Amino acid sequence: MSFRAAAFSRSCLAMGLVTALGGHAAQAADPAPAPVPAAASTAPLRLPGEGRNMPDSFADLAAKLLPAVVNVSTTEMVRPGEDDDDGDDGDSTPQVPNFPEGSPFEKFFHDFMNRQDTPNAPPRKMQALGSGFIIDPSGVIVTNNHVVRHADQITITLQDNTVLKARLLGHDDRTDLAVLKVDSPKPLPAVPFGDSDHARVGDWVLAIGNPFGLSGTVTAGIVSSRGRNIEQGPYDDFIQTDAPINKGNSGGPLFNLNGEVIGINTAIFSPSGGSIGIGFSIPSAEAQGIIDQLRHHGRVTRGWIGVRIQDVTQEIADGLGLKSPHGALIAGVEPKGPAAVAHLQTGDVIQSLNGKDIDGRALPRLVAELAGGSVAHLGIWRKGQQMNVAITIGALPEEKTDKADGAAAPAKKPAQGSMAITGMGFTVGEIDDIARQKYNMAEGQKGVLVTGVTDDSPAAERGLRPGDVVSEVQQSAVNTPADLRRQLDAARAQHRKTVLFLVQNSDGLRWVPFPLPDGTGH
């Protein structure tokens, strides 16, 4: 299947490794004091000590690991009108052949395809294939959530072609992990987890899975990078590998040379749906805790502090007066949440968690790993002051039903008494009863209303829209256009190059950095 982000595909790993070495030969202008023997220039390049431990073959390791990797087959009955594009690696609805226009064959296939989508059409059986691996001899199996999601029936095929029915113990949408259980009359071969935190860029890895249904396929590659964020969830921290990931590999293991699972193969970057050597794997350090909860409780509980955060960019750092872009900027605090109880404020920058430096991308994942009820210590930067704040971790609330995605209607013209922000490309006005009704605002909404945005302006580039509300400028509240102008003038007097607006809309709060123009019209 395809990710919602274009060019990403749900699948998994495999690869062929190519290494190229190159160099330059230089000729000295003057004779060297001591001639270098000609043989030195042709001596073979010797790898560092650890490199010489590279195996001549992966055959022994593959033979040991293959029995623990399984084929995961799912069946789902899709009824007319249901969206079946969530399956991982199964065949999609067949395409109509390109018959000549008006031919009998074109009409036949057109009528046939239309009947598949009519309300009275019979349910269709959809099948999908993925991979998984056994982590306990009793028959506990790990795979991707997107492999088994919505499945009516799950079948596991072992390497010796034994077929077993599986049941779902639990699944987690946020990390795309699922745990299955099969009943076997004898203990099954299992593989252990390793510590993915010790995996280094350049380390050899093996991937085993069922690409395109070819079960038991073994491929080798290296760790290409660490800590990749592919914007598929709030806890992205993927291992990148050049081992090709193809359809059918999803949920398969990524092994180190000790035969330990350091990742669960999940996604590829590909414009065509096939591997181009950029694959992603969920690190074992993140997955193990999730898998343990799913195995024993069927669900996952996560730590939560109740803040909406942004990564601190260079522009935001300049606007706040920070020396370097470091930390997670709080854009909103959940009322009565742990952060509110600990008196955290919008505009605070969280720079460390339990003594470990963090950024905005890492904070949600690190907090999620903490147990509810435990006490964490945050290093906070607040308006030039360093602070240490103790906070009691809460439990992440269950996801609420998504609200309808209704963008605010653009204002036809600036409101009476509005002010244009010269150089930024938008106009603002006061919030009145008409604005509250038009943009469905709360009765006590404070701030300054964005009444118009100029196309191709800095405001448009930063996503401002009519109906947005600017509630703070440089961490100071603004309730009228005059307040906003005074804050801009104050920032200009301080010779700031960037100014920060706290903007609220239907999506929530966020800090928006703007380059500070020379003057403000009104």
Side-chain angles (χ1 to χ4, degrees), residues 231 308-332 346-347 349 359-361 405 407-431 435 438-439 441 445-522:
E231 298 183 355
R308 183 183 176 93
I309 54 96
Q310 295 176 236
D311 213 0
V312 177
T313 63
Q314 186 62 58
E315 277 190 312
I316 288 176
D318 292 342
L320 292 172
L322 283 169
K323 293 181 180 178
S324 62
H326 165 54
L329 175 64
I330 296 179
T346 299
V349 179
D359 56 28
R361 183 171 61 85
D405 185 16
K412 295 180 180 179
K413 60 181 180 180
Q416 189 71 22
S418 65
M419 181 181 74
I421 310 300
T422 303
M424 294 186 180
F426 67 100
T427 57
V428 295
E430 293 190 17
I431 297 175
K438 181 175 184 178
Y439 297 110
M441 295 181 186
Q445 177 69 60
K446 301 291 185 182
V448 177
L449 177 69
V450 176
T451 57
V453 177
T454 304
D455 292 342
D456 300 323
S457 65
E461 292 173 358
R462 286 159 174 78
L464 255 65
R465 300 176 302 187
D468 289 353
V469 173
V470 179
S471 57
E472 292 186 18
V473 175
Q474 289 299 110
Q475 299 179 280
S476 295
V478 294
N479 290 310
T480 67
D483 290 343
L484 189 150
R485 183 175 62 202
R486 280 193 293 270
Q487 291 301 327
L488 293 179
D489 289 342
R492 194 174 294 108
Q494 296 170 7
H495 305 290
R496 292 190 179 276
K497 297 180 180 179
T498 303
V499 63
L500 286 180
F501 289 5
L502 183 60
V503 178
Q504 183 175 358
N505 57 22
S506 58
D507 296 326
L509 288 164
R510 63 188 175 104
W511 288 97
V512 181
F514 275 91
L516 187 61
D518 293 335
T520 303
H522 44 98

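Keep in mind that what you see is a predicted model, and the values were worked out from it rather than measured.
The shortest distance between side-chain heavy atoms of Val499 and Met424 falls below 4.5 Å. Looking only at side-chain heavy atoms (C-beta outward), Val448 and Asp483 stay at 4.5 Å or farther from each other. When side chains are defined from C-beta on, Leu484 counts as touching Ile421, because their heavy atoms get closer than 4.5 Å. Between Phe514 and Leu464, the closest side-chain pair of non-hydrogen atoms falls below 4.5 Å. At least one side-chain heavy atom of Trp511 sits less than 4.5 Å from a side-chain heavy atom of Gln475.
Rounding to the nearest 0.5 Å places CG of Asp455 at 11.0 Å from CD of Glu461. The line from CG of Leu329 to OG1 of Thr313 is 9.0 Å long, rounded to the nearest 0.5 Å. Taking CD of Gln314 as the reference point, atom CG of Leu322 lies at 9.5 Å (rounded to 0.5 Å). To the nearest 0.5 angstrom, Leu516 atom CG is 8.0 Å from Thr498 atom OG1. Put simply, CD1 on Ile309 and OG1 on Thr346 are 13.0 Å apart, with the number rounded to the nearest 0.5 Å. Atom-to-atom distance recorded for Thr480:OG1 and Leu449:CG is 13.0 Å, nearest 0.5 angstrom.
The aromatic rings of Phe426 and Phe501 lie perpendicular to each other, with more than 60° between the two planes, well past the 30° mark.
Panel note: side chain Gln474, backbone Leu500; a donor-acceptor pair is recorded below 3.5 Å. Remark: the backbone N or O of Arg465 is paired with a side-chain donor or acceptor of Asp468 at under 3.5 angstrom.
Contact detail for Met441 and Ile431: the closest heavy-atom pair is SD-CG2, 3.9 Å. When every heavy atom of Arg462 is checked against every heavy atom of Pro515, the shortest pair comes out as NH2-CD, 3.2 Å. The shortest non-hydrogen separation linking Lys446 to Asn479 is CB-OD1, 3.4 Å. Considering all non-hydrogen atoms of both residues, Gln310 and Ala331 come closest at OE1-CB, 3.7 Å. Contact detail for Ile316 and Pro513: the closest heavy-atom pair is CG1-CG, 3.9 Å. For the residue pair Leu509 and Ser471, the shortest heavy atom distance occurs at CD2-OG, 4.4 Å.
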Task: Worked check of side-chain contact (heavy atoms from CB on, under 4.5 Å) between Asn505 and Val450 - done: CA-CA 10 Å; Asn505 57 22; Val450 176; over 6 Å; no

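Look at Asp489 and Arg492 and you find a salt bridge, because one of the NZ, NE, NH1 or NH2 atoms lies within 4.0 Å of a carboxylate O, short of that distance.
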